[in-house]
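Reading through the structure tokens given below for one structure.
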Amino acid sequence: MKFSLKITISLKKGMLDPEALAIKHALDNLGFNVDSLGTARIFYIDIDAVDKDAAVSTGREMCDRLLANPVIHSYDIEALGV
């Protein structure tokens, strides 16, 4: 069965996010009062899997082996049947 994975990878709390700090500073300079801002990367991946649990498990393995650094990143995986 085909599944579409949406994998969101973000920095863990307490990790420095220089891109977010630069964007927040620019927004402040444009007159937008922003209390906090964070960045994340989103990957959309289509895969074949037996069921939804297997699709999520495959996505988790992708994150653990390549997409995310477990020391500084956390991730969320959504699996939708196609």
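On a predicted model such as this, the values are computed, not experimentally measured, just so you know.
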Other ILVMFWY residues reachable from L21 by side-chain steps of under 4.5 Å: L16
Minimum heavy-atom separation for L67 and R41, please, with both atom names. O-NH2, 3.6 Å
Please output the side-chain donor-acceptor pairs of residues 59-66 that fall under 3.5 Å, not counting sequence neighbours, one pair per line with the distance.
residue, atom, partner, partner atom, Å
E61, OE2, R65, NH1, 3.1
D64, OD1, Y75, OH, 2.8

What residues form a side-chain hydrogen bond (donor to acceptor under 3.5 Å, both in side chains) with D51, not counting sequence neighbours? none
Using a 3.5 Å distance criterion without hydrogens, assess whether the side chain of D46 forms a donor-acceptor pair with backbone atoms of K2. no
G38 versus A20, closest heavy-atom pair with distance: CA-CB, 3.9 Å
How many angstroms lie between CE in M1 and NZ in K52, if you round to the nearest 0.5 Å? 10.0 Å
To the nearest 0.5 Å, what is the distance between CG (D17) and CG (L11)? 5.0 Å
Sorted by chain and number, sequence neighbours left out, salt bridge (charged side-chain N to carboxylate O under 4.0 Å, His left out) with D76 holds for none
Do other residues, nucleotides or ligands put more than 12 heavy atoms under 6.0 Å from the NZ atom of K12? yes
Rounded distance [0.5 Å steps], CG in L5 versus CD1 in I45: 6.0 Å
Minimum heavy-atom separation for A40 to T8, with atom names? CB-CG2, 3.9 Å
Other than I42, what residues sit in its cluster of Ile, Leu, Val, Met, Phe, Trp and Tyr side chains whose heavy atoms are under 4.5 Å apart, directly or through others? Y44
CD1 on I9 to OG on S74, rounded to 0.5 Å: 9.0 Å
Ignoring hydrogens and geometry, is there a side-chain-to-backbone donor-acceptor pair from T58 to A54 under 3.5 Å? yes
Looking only at atom types and distance, does a side-chain atom of K24 sit under 3.5 Å from a main-chain N or O of E19, one as donor and one as acceptor? no
Hydrophobic clusters join Ile, Leu, Val, Met, Phe, Trp and Tyr when side-chain heavy atoms are under 4.5 Å apart, directly or via other members; which others share one with I23? L27, L30, F32, V34, L37
